[in-house]
Each structure stands twice: as structure tokens, then as C-alpha cells.
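First up is the structure itself, then whatever we jot down about it.
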Amino acid sequence: MSDLGDWFRSIPFITRYWFAASIAFPLIGRLGLINGGNLILWPEYFLHKFQIWRPITATFYFPVGPKTGFLYLVNLYFLYQYSTRLETGAFDGRPADYVFMLLFNWICIVITGVIMNMQLLMIPLIMSVLYVWAQLNRDMIVSFWFGTRFKACYLPWVILGFNFIISGSVVDELIGNLVGHLYYFLMFKYPMDLGGRSFLTTPQFLYRWFPSRRGGGSGFGVPPASARRVEDEQPGAGRRHNWGQGFRLGD
């Protein structure tokens, strides 16, 4: 148990609590402590009956069962892997900026969920984070099943196809990718590569709540100097993903 506790405490702060909540809420629903119907996003109940907790619980809850358990575990791994990589990579020392990215993506997903009558928001938010990581490391070569190799920028779309095979739907993954692209474009691509104005700025109150660490500056004054180099600077960070055994996508 001490090894498990040490591993859990080694997870970056924001990812740690997101990961823990994504285990706790499905477990609560699975054990019947709370009816899962009270945890999902019903737009009618949210908008007209003011059950304002639903967008939050729908982000962490997933109905785990014999037919959905594999999909849940795979996406839980994606959460751990790519949120950790972003929080300790491009956002290292900038917890406020990382929280702002999550909040921006989450708000966009909630709005989309209300419009499209979506009930579960876990996978879209995870995929939005994975998409941002893939774009910041777009030239990194990753490996998938059966030895297939491709650039990281294609990973979100490959996973979209993979999840379609095991779940029969791509709506959640597609929304996550589109929201992730919106954040990436507005935060990085448009102001830094295309010379446009910056539409996204981390609010100051987030810097007060999550102060920068280890000399990390507020915001992104320059492009994330090929986030590929950021990954290379991380101790033990692998340059390849290997998902051939044990669902390992990163060494």
C-alpha cells in the first residue's frame, strides 16, 4: 500500500485530483451509493430545475459495467498519461495556466453537451487534453498496436477510430478533439504562428490560487519552444509510445 500511496502522491497536483475524482464517482455509482442518474448531465434538469452540480459530476462519472469497463479503463489511462505529460511539460510551473485550459475546455464541452443533449463529459474532456498534447508534440513519432507508427498529431484521430471500434460511437471523441483544437488554435496557433491577437488570457485570480512555481512565468509569452524539446528535458520522458502490451502508450 505504501508503494501505491507513493505512486499516487507522485502524480502532478491537478492531474492527481482529476484522476482520483474520475475513479471515485464511477465507484460511487457502481456501488449504488448514489444513483448514477443523479450524476449525469440532463440539460432539462440542469437548466430548468437548477441542478447545477450535474455538469461537474458528469465530468467525472462514467457508468462502469461489463460492456463499458474496458473503454473506461483505457480513457482513464489516457487521462493519467497525457494530463501528466502536459502538466509536467508545456505547463510545468504554470498550474494556473493548466487549470485555465481545463476550465476553458470544460465550459466549451458543457455548452456543447447542453445543446447536443450529452449525458457524460468525461471522455470529451480527456480527449481535449490529449489533443492539445498531440499538437504540442506533433512531430514526435508514436507507436500504436501491431507496430504501427505515426506522428503524434494523428494520435487523437487514431484513438477516435479505436474507440469507435470498441464503443460504436465517435461523438465524445470528436467533440473532445474539436474543443482541444479550439484551445490550441486560440492560445498557440493564431497569436504565435499567425501573428493574431491573443483571445485567451488566464485570469489573475487563478494565479493567486495557483501561483507559478520554479520560476515559471505567467501565461505563454513565447511559443512553447517546440514542446518536443520540453518533453526531452523531462527526466525519464520517453520519445516513443508503446501500446503493444499492457496498454502502455509511453515509456
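If you read the sequence from its start, that first residue is 1, and numbering goes on from there.
- Here the OH-CG distance, from Tyr61 to Leu27, works out to 11.0 Å after rounding to the nearest 0.5 Å.
- Few gaps surround CZ on Phe104; more than 12 heavy atoms of other groups in view lie less than 6.0 Å from it.
- For the pair Ile123 and Leu71, the minimum side-chain heavy-atom distance is below 4.5 Å.
- Defined by atom type and a distance below 3.5 Å, a donor-acceptor pair is missing between the side-chain atoms of Trp18 and Ser83.
- Proximity of Gln51 to Trp42: side-chain heavy atoms (C-beta onward) are nowhere separated by under 4.5 Å.
- For the pair Thr59/Phe25, no side-chain contact is recorded, criterion being any heavy-atom separation below 4.5 Å from C-beta on.
- Between Arg30 and Val64 the shortest heavy-atom distance is NH1-O, 3.3 Å.
- The distance from the CG atom of Leu130 to the CD atom of Gln135 is 10.5 Å, given to the nearest 0.5 Å.
- At least one donor-acceptor pair under 3.5 Å links the side chain of Arg54 to the backbone N or O of Ile40.
- Note on Tyr17: it does not cluster hydrophobically with Trp53, by side-chain heavy-atom contacts below 4.5 Å among ILVMFWY residues.
- Summarising the hydrophobic clusters (Ile, Leu, Val, Met, Phe, Trp, Tyr; side-chain heavy atoms under 4.5 Å, direct or chained), the residues clustered with Trp157 are Tyr131, Leu160, Phe164, Val170, Leu174, Leu178.
- Side-chain contact between Arg85 and Asn137 is absent, with no heavy atoms from C-beta onward closer than 4.5 Å.
- Between Pro55 and Trp106 the shortest heavy-atom distance is O-NE1, 3.3 Å.
- In terms of heavy-atom proximity, Leu125 sits nearest to Leu102 at CD1-O, 4.1 Å.
- Smallest separation of non-hydrogen atoms from Asp172 and Leu120: OD1-O, 4.3 Å.
- Taking the side chain as every heavy atom from C-beta outward, Phe60 and Ile56 approach each other to under 4.5 Å.
- Between the Glu173 side chain and the Asn163 main chain, no donor and acceptor come within less than 3.5 Å of each other.
- Closest heavy-atom contact between Pro211 and Pro95: O-CG, 3.5 Å.
- A distance of 11.0 Å separates CE of Met122 from OG1 of Thr57, quoted to the nearest 0.5 Å.
- Taking the six-membered ring where tryptophan is involved, the planes of Phe70 and Phe162 are perpendicular, since the angle between them exceeds 60° and thus also 30°.
- Put simply, the side chain of Thr84 does not reach to within 4.5 Å of the side chain of Phe19, judged on heavy atoms.
- Rounding to the nearest 0.5 Å places CG of Leu206 at 12.0 Å from OG1 of Thr201.
- Seen from the ring of Phe185, Lys189 does not count as a face-on cation partner, given the 6.0 Å and 45° thresholds.
- Crowding of Leu33 atom CG: a count of heavy atoms from other residues, nucleotides or ligands under 6.0 Å exceeding 12.
- Considering only heavy atoms from C-beta on, Tyr72 comes within 4.5 Å of Pro26 through its side chain.
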Derivation and outcome, side-chain contact (heavy atoms from CB on, under 4.5 Å), residues Val74 and Phe78: CA-CA 6 Å; Val74 168; Phe78 291 156; 3.5 Å; yes
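- Here the side chain of Arg16 pairs a donor or acceptor atom with the backbone of Arg9 at under 3.5 angstrom.
- Here the closest non-hydrogen pair linking Val110 and Leu41 is O-CD2, 4.5 Å.
- The closest side-chain heavy-atom distance from Asp92 to Glu87 is not below 4.5 Å.
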Evaluation steps, side-chain contact (heavy atoms from CB on, under 4.5 Å), between Arg94 and Phe100: CA-CA 10 Å; Arg94 302 183 180 95; Phe100 176 69; over 6 Å; no
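- Cys108 SG to Ile175 CD1: the interatomic distance, rounded to the nearest 0.5 Å, is 11.5 Å.
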Step-by-step side-chain contact (heavy atoms from CB on, under 4.5 Å) determination, Phe150 to Ile141: CA-CA 5 Å; Phe150 45 84; Ile141 301 299; over 6 Å; no
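- The hydrophobic cluster containing Tyr184 also contains Phe199, counting ILVMFWY residues as joined when their side-chain heavy atoms lie under 4.5 angstrom apart, directly or transitively.
- Annotation: Tyr154, atom OH; neighbour count of heavy atoms from other residues, nucleotides and ligands within 6.0 Å does not exceed 12.
- Side chain of Ser198 to backbone of Pro191: no donor-acceptor contact under 3.5 angstrom is found.
- Note that the OG1 atom of Thr202 and the OH atom of Tyr207 stand 3.5 Å from one another [nearest 0.5 Å].
- Under the 4.5 Å side-chain heavy-atom criterion for ILVMFWY residues, no single connected hydrophobic cluster contains both Val114 and Phe50.
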